[in-house]
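Worksheet for the structure shown next.
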Amino acid sequence: MEATSTINEKWRFCIFACFVGSITLLYCLKHDQDGINLLASGNITITMTSSNDSNQHPSSGMPFLQLSNASEHRKDVNEKEDSCNIFDGKWVYDPTSSPLYHGSQCPFLSEQVSCQRNGRPDSEYEKWSWEAKGCRIPRFNGTNMLERLRGKRVIIVGDSINGNQWESLVCLLYSTISSSRGHIDMNIHDKIFRAKEYNCSVEFYWSPFLVQLEGNEENGGRILRLDKLSDWEKKCRGADIMVFNTGHWWHNGGRLKRWDLFQYKGKVVEEMEVQSAFGMAMRTWARWIDRNVDKTSTKVFFRSFSPVHYGKQRCYNQTQPIKDESYVEKSPNPIVEVVERTIRRMRTPVRYLNITKLSQYRKDGHTTLNTIRQKKLPKAMKQRQPMSHDDCSHWCLPGVPDTWNRLLFASMVMDNSSDNS
Ligand SMILES: *[C@@H]1O[C@H](CO)[C@@H](O)[C@H](O)[C@H]1NC(C)=O
Ligand SMILES: *[C@@H]1O[C@H](CO)[C@@H](O)[C@H](O)[C@H]1NC(C)=O
Ligand SMILES: *[C@@H]1O[C@H](CO)[C@@H](O)[C@H](O)[C@H]1NC(C)=O
Ligand SMILES: *[C@@H]1O[C@H](CO)[C@@H](O)[C@H](O)[C@H]1NC(C)=O
């Protein structure tokens, strides 16, 4: 009831659009199972493809289409940078250079992350800019990035937080090509953005463990195959830029635990420490990369663990980052250690997008209650127990993942300048 009273005009439009969208989708699904052109309007086409996959995707909300003239975001670029640790630095309040795009002008943002549209009252969290200690990080330049991506495929594989990163990257690029054509194909798990005039694509494949989860609870249990990658590996061969992550789903215990048994080399194992199992899965991933990736033409990135803010620094109601630069999480995260060790031992150079620390400062950046999942606002809005239902792991967009992509861009720029010297 409280939620109803705060509904504004935008919101109403959103609900209306989603309703019309759902009806259209249902109608189309009934008539045509493959590739349907759901919405084609102006410069944007969104194609929904039905999928037989029955796994629930936590962020499988249908896109909400809102058309407007995105303004150009032209920013300086400083390409002559010495290499330095761009992940070590501080957040600076800078409303002139952030956000890098406006949420209302990116039609590809999902309801889950559109905090402003969902009624978040403050917007300061959009206006912080990351600065490195030892150097100036190149400014994000979407045109420049698209030129670097001409004729290439970028694949982003991982959990819904990497889905967050994909949405951010698509919006960053889209805001620079709004005068030409942007196009998205999606089904329940895979999302592909194509920038036609650059002949490039930015693709997201949902695989929260990277390895395969099989079976079901009723029938012998859910088995996590530590020696077998999930479907993404077939779809991602030959991609030019790869961005991976995994982590959160390994962490989840109790009610959120998604597996019953592990399987490794034909043996089913009931009792194994999650950390050992995770190490095996990471080695399976590493072997595939070392065998299948041509390191002269492909760049592989691994995005480090995205921090959550529960406990003492809980995200609910937070509007400011943590300013204490000496702030560190108490316990080292075993997931992070396993990832770093695996990457160090690989033959293929893997670029580590080391965003854990910089994101730890941003307790203000999460979607908290300003999120819609499975078409619903959090129960808390009705139950008056906001603290127990806030989402302190996903991020609002525009927001923190834009910085991860800015650093991805910076890594590409800095990589090239060091190749040339
Ligand atoms: C962005 O990159 C493009 C292409 O490299 C370049 O022409 C343009 O000058 C850059 N914009 C700014 C503001 O630096
Ligand atoms: C990641 O960045 C943090 C903060 O700059 C740093 O302390 C840490 O050593 C880095 N980790 C790796 C593996 O580079
Ligand atoms: C577009 O890029 C793909 C690689 O992603 C390449 O195989 C194809 O030839 C390119 N097409 C054109 C028209 O350049
Ligand atoms: C959250 O912030 C609002 C507005 O500042 C305030 O009214 C409310 O009491 C806060 N809630 C909690 C639990 O701190």
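Read the numbers this way: they start at 1 and go in the same order the structure lists the ligands and their atoms. Since the structure is predicted, the reported quantities are computational estimates derived from the model, not experimental observations.
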Return the protein residues near ligand 3 (heavy atom under 4.0 Å from any of its atoms), ordered by chain and residue number. G151, N199

Can you classify the ring geometry of W250 versus F262 as parallel (below 30°), tilted (30 to 60°) or perpendicular (above 60°)? parallel

Taking the six-membered ring for Trp and the full ring for Phe, Tyr or His, determine whether the centres of W404 and W166 are under 6.0 Å apart. no

Could you tell me which atoms of ligand 2, counted from 1 in the order shown, lie closer than 4.0 angstrom to a heavy atom of D88? 5 (O)

E147 and ligand 1 - part of the residue with a heavy-atom distance under 4.0 Å: side chain

Is the contact between T356 and ligand 2 made by the side chain, the backbone, both, or neither, using heavy atoms and a 4.0 Å cut-off? neither

Any salt bridge linking R287 with D290? Criterion: basic side-chain nitrogen under 4.0 Å from a carboxylate oxygen. no

Compute the centroid of each ring, for F209 and then for W285, and state whether the two points are separated by less than 6.0 Å. no

Would a line drawn from the ring center of H309 to the ring center of H366 be shorter than 6.0 Å? yes

With heavy-atom distances below 4.0 Å as the criterion, list the atoms of ligand 2 near N85. 5 (O)

State whether a side-chain donor-acceptor pair under 3.5 Å links S306 with W395. yes

Is there at least one pair of N or O atoms, one from N354 and one from ligand 2, spaced under 3.5 Å apart? yes

Would F302 and Y352 count as a close aromatic pair, with their ring centres under 6.0 Å? no

How about L169 and F193: do any of their side-chain heavy atoms sit closer than 4.5 Å? no

With a cut-off of 4.0 Å, which atoms of ligand 2 are near a heavy atom of F87? 5 (O)

Are the aromatic rings of F301 and F244 close, with centres under 6.0 Å apart? no

Between N144 and ligand 1, is there a nitrogen or oxygen pair with a distance under 3.5 Å? yes

